[in-house]
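Okay, structure first, notes after.
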Amino acid sequence: MQLKVIKAFDWAHRGVQVEHFEAGSIIDTEDEDLIRVATGEGWAAEDDGSAPQAKPSAGLKVDELKAALAAKGIEIPEGAKKDELAALLDAQGSEQQ
C-alpha cells in the first residue's frame with residue numbers, strides 16, 4: 001500500500017528502527033501497524049490521488065521553520081513571526097510543484 005504523508009512524523013519500525021517521514025512524501029509499505037497508526041492519527045492517507053496536500057510548514061516549530069528556510073537558501077527577515085516564516089516556506093514549496 002502507498003500512503004501520502006500529510007504531516008511529518010517519526011516511526012519506530014518494530015520499536016527500534018526510527019524513520020522520519022516528511023510531509024508530501026510517499027510511503028510504500030505493507031506494515032499494518034504503520035498504516036493503521038499513521039492513518040488513524042491523520043499523519044498520512046492512502047495515496048489514491050485524493051489525499052490532502054500538506055503545506056511544507058505543517059507541524060513545524062519556529063526553529064524548524066528557520067532551519068528549513070536556511071537549508072533552501074531563503075533569507076529570513078529579521079523579527080519574522082512564525083506565520084510569516086511558514087508563508088515563506090510554503091511559497092517556496094508551491095513554486096517547486
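Below, all heavy atoms of this structure are taken into account, side chains as well, without hydrogens, waters or symmetry copies. A quick note: this is a predicted structure, and the numbers were derived from the prediction, not measured. In this chain, residues are counted from 1 in sequence order.
- A pairwise comparison of heavy atoms in L3 and A44 identifies CB-CB, 4.1 Å as the closest pair.
- For the pair L60 and L89, the minimum side-chain heavy-atom distance is below 4.5 Å.
- Taking a cutoff of 4.0 Å between a charged side-chain nitrogen and a carboxylate oxygen, D63 and K66 do not qualify as a salt bridge.
- The closest side-chain heavy-atom distance from S57 to L85 is not below 4.5 Å.
- In this structure, I35 and E30 approach most closely via the heavy-atom pair CD1-C, 4.3 Å.
- Taking all atoms of both residues into account, the shortest heavy-atom contact from G59 to K7 is CA-CE, 3.9 Å.
- To the nearest 0.5 Å, the span separating CD1 on I27 from NZ on K4 amounts to 11.0 Å.
- Put simply, CZ on R36 and CG on D31 are 9.5 Å apart, with the number rounded to the nearest 0.5 Å.
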For this session: Apply the test side-chain contact (heavy atoms from CB on, under 4.5 Å) to residues W11 and V37: give CA-CA distance (whole Å), side-chain angles for both, the deciding distance (0.1 Å), then the verdict.
Result: CA-CA 10 Å; W11 179 257; V37 174; 3.7 Å; yes

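- Among residues two or more places apart in sequence or in another chain, the side chain to side chain donor-acceptor pair (under 3.5 Å) test is passed with E32 by none.
- P77 and L88 get closest at one heavy-atom pair: CD-CD1, 3.6 Å.
- The main-chain N or O of A38 is never found under 3.5 Å from a side-chain atom of E41 such that the two would form a donor-acceptor pair.
- For F9, the ring-ring contact (aromatic ring centres under 6.0 Å, His included) criterion is met by F21, W43, not counting sequence neighbours.
- Residues V5 and I26 have side chains not in contact (no heavy-atom distance under 4.5 Å, counting atoms from C-beta outward).
- Of all non-hydrogen atoms in E84 and G79, the two that sit nearest each other are OE1-O, 4.2 Å.
- For the pair D10/E19, no side-chain contact is recorded, criterion being any heavy-atom separation below 4.5 Å from C-beta on.
- E46 has its side chain out of reach of Q2: every pair of non-hydrogen atoms, C-beta onward, lies at least 4.5 Å apart.
- A 4.5 Å side-chain heavy-atom check between H13 and L34 finds at least one atom pair inside the cut-off.
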